[in-house]
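Step one of this worksheet: look at the structure below.
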Amino acid sequence: MKIAVLISGRGSNLQALIDDVSKPGGPGEIVLVLSNVADAHGLKRAEAAGIPTTIINHQDFQDRVTFDAAMTEAIEASGAELVCLAGFMRLLSTPFIDHWRDRLINIHPSLLPAYKGLNVPQRVLDAGEKEAGCTVHFVRAEMDTGPIIIQARVPVLADDDADMLAARVLEQEHVIYPKAVRLIAEGRVTVEGEQTLIDARPADVPDNKA
Ligand code: GRF
């Protein structure tokens, strides 16, 4: 499977995907890393792995729809069949999301539908949660919604600060994102009635054993 990864920054999830596709029997090939930020560290990771990169700066476009159309053009030119958002910090327009429907996935550092949006670790701590986690999901028009593919849970520990909790969650992100990509590449994932099916059975979130 040909994969495009969209980033805006650090790119640690991109790295997890690069590492996984490089393994023997990996899920496919990352054919494009697209960033809207020229100095995103993830671009260096892509270059080190010999992956083509493109920078499309949202500030060069008059609105979201034209920016997104330029991204679609670049992604299509790459031949990508799956688009992975990995710390891509722009909201996407409905035409883009509809165009890539069920071929566009995201990783989010919470157990969705809880804690959509930003600054999740601090909000989780402030709420006194005992458990946190992360989610890979298909993207729909409303931010951080869409059929869930895999979730992973981690404990919130008594002396956690936001950075410690974020690091524990991130470690699991790096496990479940490549896993979700593999399931899709293996043709094991479908979406029916806004529910993800894995091997034709409802994805058993949050303890998916696929
Ligand atoms: C991750 O926490 C991811 O869940 C969120 O943005 C962050 C990106 O981190 N969507 P990185 O750029 O992959 O290191």
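Values in this document were obtained by computation on a predicted structure and should not be read as measured data. First listed ligand is number 1; within each ligand, the first listed atom is number 1.
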- Query: How far apart are the C-alpha atoms of Phe88 and Met71, what are their side-chain angles, what is the distance that settles it, and do they pass the side-chain contact (heavy atoms from CB on, under 4.5 Å) test?
  - Reply: CA-CA 12 Å; Phe88 182 71; Met71 290 201 297; 3.7 Å; yes
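For atom 9 (O) of ligand 1, the closest non-hydrogen atom of the protein is Arg10 NH2, 3.0 Å. Protein heavy atom closest to atom 11 (P) of ligand 1, with residue, atom name and distance, is Ser12 N, 3.4 Å. For atom 6 (O) of ligand 1, the nearest non-hydrogen atom of the protein is Gly87 CA, 3.6 Å. If you check which protein heavy atom lies closest to atom 12 (O) of ligand 1, you get Gly11 N, 2.8 Å. Among all protein heavy atoms, the one lying closest to atom 5 (C) of ligand 1 is Ile107 O, 3.8 Å. Looking from atom 4 (O) of ligand 1 to the surrounding protein, the closest heavy atom is Glu173 OE1, 2.7 Å.
Interatomic distance, Tyr115 OH to Glu129 CD, rounded to the nearest 0.5 Å: 3.5 Å. With rounding to the nearest 0.5 angstrom, the OG1 atom of Thr135 is 12.5 Å from the CD1 atom of Ile105.
If you check the side chains of Asp19 and Ser22, you find no donor sitting under 3.5 Å from an acceptor. In the model, His99 has a side-chain atom that pairs as donor or acceptor with a side-chain atom of Glu76 under 3.5 Å.
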